[in-house]
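Here is the structure we will look at, set down as structure tokens.
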Amino acid sequence: MTSAGRFAPSPSGELHVGNLRTAVLAWLFARSTGRRFLVRVEDLDRARAGAEAEQLRDLAAIGVNWDGGVVRQTDREPLYTEAIGRLTAAGLSYECFCTRREIQEAPSAPHAPQGAYPGTCRNLSAAERELKRAARPAALRLRAARGEGTVQDMLHGSYTGVVDDFVLRRNDGVAAYNLAVVVDDAAQGIDQVVRGDDLLPSTPRQAYLASLLDLPAPEYAHVPLVLNADGARLAKRDGAVTLGELARAGVGVEQVRDTLLASLGLPEGPLEQALAVFDPAALPREPWVWPGMAGRGA
Ligand code: GLU
């Protein structure tokens, strides 16, 4: 399978300029290295009817094209079940009955890294599990053999973060994000993951899971997020931030594209022109503050 990069949006609403900037970067990284570029709709969670079509329309409008059809995670349950089955057969999973609140309130194990699952359900007896199953459905967690892991990132260098007993299958029966993303990237031949750096902390978990499943870990580039004027991560409430909202304010898609390219130090115009001079080493490493464009239309 030829190697590929990807953009993997969650169809929870329209993409905003921060999401679009990440998509443009993922496209530039993939295309500049001769990779295919795939779009995967991560609809296991937070899907809103109609959002997928809007997202694909906006990607195309900004000039991000992709190869082949769009893949949806809700169509891929057998792959996730197979991977979870392999982990379980190897003794690498266990049922967890904790609520979010119980996890927050549990005393953490000595030396446990912050944000790590405290291990409450790790060593339950069969009888204890039986009792708990009657009260609430179990999630399935990974029995991780280590507390942290290190990954190499093209922009961040060596990054070490928590590898805890994270969730493989949620207690509503749906595959968890960390499991699905690892299984899908490998199954789709994705060997380059470019995404927002809010996901860097999850990456050691994902690389560890790939190693347990005997899957190759992709190369990673976690790109800076776009911030609002207050320094917080850009969100829908920050005014006109989607192509639709900006168009209604008189700002055309080419203008938005050019602003995003300029923020990356790249030439304005069709993405192919930026591609011709794209150099990951020259990318700004700092988050970019969205200047706001509404009112700046023709
Ligand atoms: N679906 C995730 C999101 O939209 C991205 C996952 C990934 O790129 O690995 O935040």
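Since the structure is predicted, the reported quantities are computational estimates derived from the model, not experimental observations. Both ligands and their constituent atoms are indexed starting at 1 by order of listing.
- Partners of Glu286 under the side chain to side chain donor-acceptor pair (under 3.5 Å) rule, at least two apart in sequence or in another chain, do not exist in this structure.
- Remark: Arg31 fails to qualify as a cation-pi partner of Phe37 under the 6.0 Å distance and 45° angle criteria applied to the six-membered ring.
- Contacts of Glu254 classified as side chain to side chain donor-acceptor pair (under 3.5 Å), with partners at least two apart in sequence or in another chain: none.
- No side-chain N or O of Arg136 forms a donor-acceptor pair with one of Thr99 less than 3.5 Å apart.
- Residue Leu271 forms a side-chain contact (heavy atoms from CB on, under 4.5 Å) with just one option from Leu266, Leu261, Asn65, Leu260, and that option is Leu261.
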When you pair each N or O of ligand 1 with protein N or O atoms, which pairs come out under 3.5 Å?
{"unit_1": "ligand 1", "atom_1": "1 (N)", "unit_2": "Ala8", "atom_2": "O", "d": "2.8"}
{"unit_1": "ligand 1", "atom_1": "1 (N)", "unit_2": "Ser10", "atom_2": "OG", "d": "2.9"}
{"unit_1": "ligand 1", "atom_1": "1 (N)", "unit_2": "Glu42", "atom_2": "OE1", "d": "2.6"}
{"unit_1": "ligand 1", "atom_1": "4 (O)", "unit_2": "Ser10", "atom_2": "N", "d": "3.4"}
{"unit_1": "ligand 1", "atom_1": "4 (O)", "unit_2": "Ser10", "atom_2": "OG", "d": "3.2"}
{"unit_1": "ligand 1", "atom_1": "8 (O)", "unit_2": "Arg6", "atom_2": "NH1", "d": "2.6"}
{"unit_1": "ligand 1", "atom_1": "9 (O)", "unit_2": "Arg6", "atom_2": "NH1", "d": "3.4"}
{"unit_1": "ligand 1", "atom_1": "9 (O)", "unit_2": "Arg6", "atom_2": "NH2", "d": "2.9"}
{"unit_1": "ligand 1", "atom_1": "9 (O)", "unit_2": "Tyr177", "atom_2": "OH", "d": "2.9"}
{"unit_1": "ligand 1", "atom_1": "9 (O)", "unit_2": "Arg195", "atom_2": "NH1", "d": "2.8"}

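- With sequence neighbours left out, the side chain to side chain donor-acceptor pair (under 3.5 Å) criterion links Ser32 to no other residue.
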